[in-house]
Protein chains: 2
Amino acid sequence: MLSFTEENYLKSLFQLTVESNEKVEAGTNEIAAHLGVKPASANDMLKKLKDKKLIHYEKYGKSTLTKEGRKYALEIVRKHRLWETFLYEKLEFSWDEVHEVAEQLEHIQSKKLIDKLDKFLNYPEVDPHGDAIPNAKGELEISQRKSLLEEEIGHACKMVGVKDNSAAFLQYVDSIGLSINQIIRIKAREEFDDLLEIEVNGKKNRVSPKFAENIIITCSECNRLRKN
Amino acid sequence: MLSFTEENYLKSLFQLTVESNEKVEAGTNEIAAHLGVKPASANDMLKKLKDKKLIHYEKYGKSTLTKEGRKYALEIVRKHRLWETFLYEKLEFSWDEVHEVAEQLEHIQSKKLIDKLDKFLNYPEVDPHGDAIPNAKGELEISQRKSLLEEEIGHACKMVGVKDNSAAFLQYVDSIGLSINQIIRIKAREEFDDLLEIEVNGKKNRVSPKFAENIIITCSECNRLRKN
DNA sequence: TATAATTGTTAGGCTAATCTAACAAATTTA
DNA sequence: TAAATTTGTTAGATTAGCCTAACAATTATA
């Protein structure tokens, strides 16, 4: 049985590696920053998780999850996303409110609870942010995802999630008229200041690279090209 | 903000005093036993809770909740019982399975969550064990309750709850055909061995005093007499 | 009422998770 | 490549909550 804290470290490492498009391993400082603790604290825990064979860690090296660690991480992610779905669909929480409460609910220990919840929600495949929910076997469908910033000019893509889960950012996203499953077409990239010109629901808007980087999309055009 | 552990001590004290028919204050050893810790540990925490003005405690004396402490305890009890109701009514948990999971869920911190849950469940008044659920204002309807053992011979009463929440006892209760809101008529008390002869749903049974003591009932006949 | 039994308290330790401060290794940059 | 910067580690302290062992106060009983 893992502690609340150990679970949070595994989840962080999962998000920084498995669910990141850029990297497959994470440094001590990075993990510490992600969890809001000091590097010294993270260092202690990394050594502990290594002893428990949940992560690969070597002195002065980067860390990754072991198979066993990934299994636990997937369980936590599954719980987190099912609870978010419950809050959003059944309790009328808004999109930007679910995360904080799910952070607490994800640590409840009861296999029966989570499987019954899954059934109650009718086995959803994605949470309110568009992130895939691992199934009861721990399988996670990883579709071809990337940030809006990486999308080709002229392509149309579908928003499936966000990277930054802060309430502030989510409200900003809402204010631009963006939401999950919304189709976004990239019209152009402004040479002068790198702003992206996008069209959502027939309405044009300009967004910053920083903003675009935090919007996760899938592009079936790109996927089609990739398959050839 | 109270810690998980502080909340558990307040809840224990609430159950041992406010919700107990026998006593209005609890001793250190009693609280420790109720929580499954050693008296020395309970002693530490009682001093801490006194400093926080959540309980009345004096060296070598008994403890009770302050007004403030009772307020917190009622919030926790409210959460516990709403979650039990959710598990029972929405997730198909059985009567004897809800308690353990609710012990964890009751510590989730989110006023919005619990009020939305209350609404989702359509503002239930009692949980699956028949215990009253405090409303959002922290008001708890205390109806005249007592154990089956204290009931008058010849009276008919309604089962509204149990004292022992262990799965073993709850299954025993089930096996006798008893459940919440079931009407129980006391036919006689056996002089020889003090067994109670009861009738439930037209079926007769004999139960021990220990069993009867753990069944909570209300008796409208007694209440009527009391009012005169 | 003196003694025994019970109940409650204190002192001192342990563990998990955090911190600060000092230091060491690795990487980047001049 | 030498120096500067970044990144990671260690030692030692702190806090919450628990423990054991010894002791003190209270209550029950002979």
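In what follows, chains carry the letters A, B, and so on, assigned in the order in which the sequence lines appear, proteins first and then strands, with residues in each chain numbered from 1.
Under the side chain to side chain donor-acceptor pair (under 3.5 Å) criterion, A:Ser94 pairs with A:Asp96, A:Glu97, not counting sequence neighbours. In this structure, B:Tyr60 has no ring-ring contact (aromatic ring centres under 6.0 Å, His included) partners at least two apart in sequence or on a different chain. Listed by chain and residue number, B:Glu92 satisfy the side chain to side chain donor-acceptor pair (under 3.5 Å) test with A:Lys119 (two or more places apart in sequence, or in another chain). Scanning for side chain to side chain donor-acceptor pair (under 3.5 Å) contacts around A:Glu106 gives A:Lys11, A:His80, with sequence neighbours left out. Taking the side chain to side chain donor-acceptor pair (under 3.5 Å) definition, one finds that A:Gln109 meets it with A:Glu7, sequence neighbours left out. Not a single ring-ring contact (aromatic ring centres under 6.0 Å, His included) links A:Tyr9 to another residue, sequence neighbours left out. Among residues two or more places apart in sequence or in another chain, the side-chain contact (heavy atoms from CB on, under 4.5 Å) test is passed with B:Asp118 by B:Arg78, B:Leu82, B:Tyr123, B:Pro124. The side-chain contact (heavy atoms from CB on, under 4.5 Å) check on A:Arg189 picks up A:Leu149, A:Ile153, A:Asp194, A:Leu196, with sequence neighbours excluded.
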Would you tabulate the nitrogen or oxygen pairs shorter than 3.5 Å linking the protein to nucleotides 22-28 of chain D?
unit_1	atom_1	unit_2	atom_2	d
D:dA25	O4'	B:Tyr60	OH	3.4

Donor-acceptor pairs are to be reported for all side-chain atoms of residues 26-36 of chain A against protein atoms at under 3.5 Å, with residues two or more places apart or in another chain.
unit_1	atom_1	unit_2	atom_2	d
A:Glu30	OE1	A:Gly27	N	3.2
A:Glu30	OE2	A:Lys23	NZ	2.7
A:His34	ND1	A:Ser12	OG	2.6

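One atom, NZ of B:Lys47, and another, C1' of C:dG8, lie 10 Å apart when rounded to the nearest Å.
Of all the residues in residues 3-14 of chain B, B:Ser3, B:Thr5, B:Tyr9 reach under 4.0 Å from DNA chain D with at least one non-hydrogen atom. Contacts with DNA chain C (heavy atom under 4.0 Å) in residues 29-41 of chain A: A:Val37, A:Lys38, A:Ala40, A:Ser41, listed by number.
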